[in-house]
2 protein chains.
Amino acid sequence: MVFPRGIVSLAVDCVVFGFTGERLRLLLIRRAVAPFAGMWALPGGFVEAGETLRAAAGRELSEESGVALAAVEEIGAFDALDRDPRGRVVSVAFLGLVRPEDCVLASRCDAAEARWFDLDAVPALAFDHGAILRRGRDRLRDALWSGPLGLRLLGDAFTLTDAQRLYETIGGAPLDVRNFRKRLLATGLVVPLAARQRGVAHRAARYYACRPSPSG
Amino acid sequence: MVFPRGIVSLAVDCVVFGFTGERLRLLLIRRAVAPFAGMWALPGGFVEAGETLRAAAGRELSEESGVALAAVEEIGAFDALDRDPRGRVVSVAFLGLVRPEDCVLASRCDAAEARWFDLDAVPALAFDHGAILRRGRDRLRDALWSGPLGLRLLGDAFTLTDAQRLYETIGGAPLDVRNFRKRLLATGLVVPLAARQRGVAHRAARYYACRPSPSG
DNA sequence: TCAAAAGTGTTCTTGATACACCCATGC
DNA sequence: GCATGGGTGTATCAAGAACACTTTTGA
């Protein structure tokens, strides 16, 4: 491969997770154009001169999949020399967390299709997106208990059982009901709401919400 | 400011810390060329097409200060639109840790001078390097007990008292002697050597070394 | 009255903290 | 023999882990 001297292109890629109540899902787009045309890939693309990396991530995500989301967290730069056959492209990856049911998928631009995949049934990905995905998963796991990050995968109102399913899915291990509740409540990240479940064939669970962050 | 469309330049910057046994020091270069000519700045510069970010960081560091070091850890991308008056430049920052006494400072290229500064006497810095430095400090603090990172600031052989001074300096708080020793030894990151201090006017301390990492 | 999930406290274990004295060496 | 820093153990406290039964609701 030959590198045009003095030119390094900058791109962003988004690892966007969703949670269905049962499983973790990953948002992918099918590439419409070369390279890797027809393959599945993380949403992403080149950064334009007048936008920040987060803005670029949000724009590409929205363009390619219809998902509107401010990128949540930077997970690192990917810079292998041969990661893009077009030449020298460095990509900064972001982690995004949404509820799939809040999203209306729509593909435009260089995406032929946008879809959610079960995280344990992800196809082979274009570029080095497999490695980026792994870093995204790791980051999500590590950040689970150090902030409200994971709770973004739940809606505005959720039961503690919902939250527990989520934490178990991300952590990959079952958790004790009582310890989980004590621990999550002790973080102060969630607050109880007045409302409860209606019309369930068992005792109605109380709803909780993610506490508004202290910084506004 | 006007951005030439479609062009984003990519740079790297290095937050290089050293430890003298007493104080944390930061490696800075004085800029020889515009912008910010004459001001102090973190070593760094533009990435060339055929090199990885780490390689670029190592090269710039060596060119501008004479310090040879494989960059240790990526600490994030800095991408404010107006961070560089020359136009749109995104910089990926790296953390580096060395022993100042192992380094022969030499400035070349666009550095007029390279110097170590006490971390609590750092001058105003060019670009957004003040913010980068803050992130570097935070990262060092956070990573202290989660890996061998901090120990790179010490030599091949060090006493536990040396290590304690270092951890106290980085953490900003005094530590209990016995608890520190237990904790550090329990991490398994250090191994005792046969050698002891010679010629000190008190009981000779045992030397320790950073244990070779399991991955080679 | 049964099925299905919500909800709740206590004991035990483990890791972190607080704390004070004797040891080796050079001068 | 004294000044200087090296080196060690135990009791206490707090956080995390293990563990089983009662409550509510709709069908």
Side-chain angles (χ1 to χ4, degrees), chain A residues 19-23 141-147 150-151 154-155 157-210, chain B residues 19-23 141-147 150-151 154-155 157-210:
Chain A
F19 184 63
T20 60
E22 284 290 324
R23 297 176 167 286
R141 234 196 304 266
D142 294 346
L144 241 202
W145 286 105
S146 21
L151 297 171
L154 300 168
F158 50 86
T159 68
L160 292 184
T161 305
D162 292 338
Q164 184 173 347
R165 297 263 174 288
L166 172 65
Y167 276 63
E168 287 174 333
T169 305
I170 295 174
L175 299 170
D176 176 81
V177 196
R178 288 165 283 190
N179 294 336
F180 175 79
R181 289 170 171 246
K182 264 180 296 187
R183 191 173 171 189
L184 185 60
L185 292 173
T187 63
L189 294 173
V190 299
V191 290
L193 303 176
R196 292 159 185 280
Q197 286 180 326
R198 302 274 310 168
V200 288
H202 54 77
R203 179 170 174 177
R206 156 152 272 148
Y207 283 120
Y208 289 77
C210 191
Chain B
F19 184 63
T20 60
E22 283 292 322
R23 298 178 167 283
R141 234 195 305 266
D142 294 346
L144 242 202
W145 285 106
S146 22
L151 297 172
L154 300 168
F158 50 86
T159 68
L160 293 183
T161 305
D162 292 338
Q164 184 172 346
R165 297 264 173 286
L166 172 65
Y167 276 64
E168 287 175 333
T169 305
I170 295 175
L175 299 169
D176 177 82
V177 196
R178 288 165 284 193
N179 294 336
F180 174 79
R181 290 170 171 245
K182 264 180 297 187
R183 192 172 169 190
L184 185 60
L185 292 173
T187 62
L189 294 173
V190 300
V191 289
L193 303 176
R196 292 159 184 282
Q197 285 180 327
R198 302 274 309 169
V200 288
H202 53 76
R203 177 169 174 177
R206 156 152 272 150
Y207 283 120
Y208 290 77
C210 191

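Numbered from 1 within each chain, the chains take letters A, B, ... in sequence-line order.
Of the two residues contacting DNA chain D, namely B/Ala201 and A/Val200, the nearest-nucleotide position lying further toward the 5' end is that of B/Ala201.
One can place NE2 of A/His202 at 11 Å from P of C/dA4, the figure rounded to the nearest angstrom. For A/Arg206 and C/dT8, the CZ to C1' distance is 14 Å, given to the nearest whole Å.
Not a single salt bridge (charged side-chain N to carboxylate O under 4.0 Å, His left out) links A/Arg181 to another residue, sequence neighbours left out. Every side-chain contact (heavy atoms from CB on, under 4.5 Å) that A/Arg178 has, sequence neighbours left out, goes to A/Asp176. With sequence neighbours excluded, the residues forming a ring pair (Phe, Tyr, Trp, His ring centres under 6.0 Å) with A/Tyr167 are A/Trp145, A/Phe180, listed by chain and number.
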For residues 194-206 of chain A, please give each side-chain donor-acceptor pair under 3.5 Å, one per line with the distance, not counting sequence neighbours.
unit_1, atom_1, unit_2, atom_2, d
A/Gln197, OE1, A/Ala205, N, 3.1
A/Arg206, NE, A/Leu193, O, 2.9

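Using a 4.0 Å cut-off on heavy atoms, the residues of residues 157-166 of chain B that approach DNA chain D are B/Thr161, listed by number. Within residues 167-199 of chain B, the residues approached by DNA chain D to less than 4.0 Å at the level of any non-hydrogen atom are B/Arg178, B/Arg181, B/Lys182, in residue-number order.
For the pair A/Gly150 and A/Leu144, the tightest heavy-atom approach, listed with the atom from each and the gap, is CA-CD2, 4.1 Å. For the pair B/Phe158 and B/Cys210, the tightest heavy-atom approach, listed with the atom from each and the gap, is CE2-N, 3.7 Å. Across all non-hydrogen atoms, the minimal contact from A/Phe19 to A/Asp162 is CE2-O, 4.3 Å.
By the 4.5 Å heavy-atom criterion applied to side chains, A/Thr159 and A/Tyr207 are counted as neighbours.
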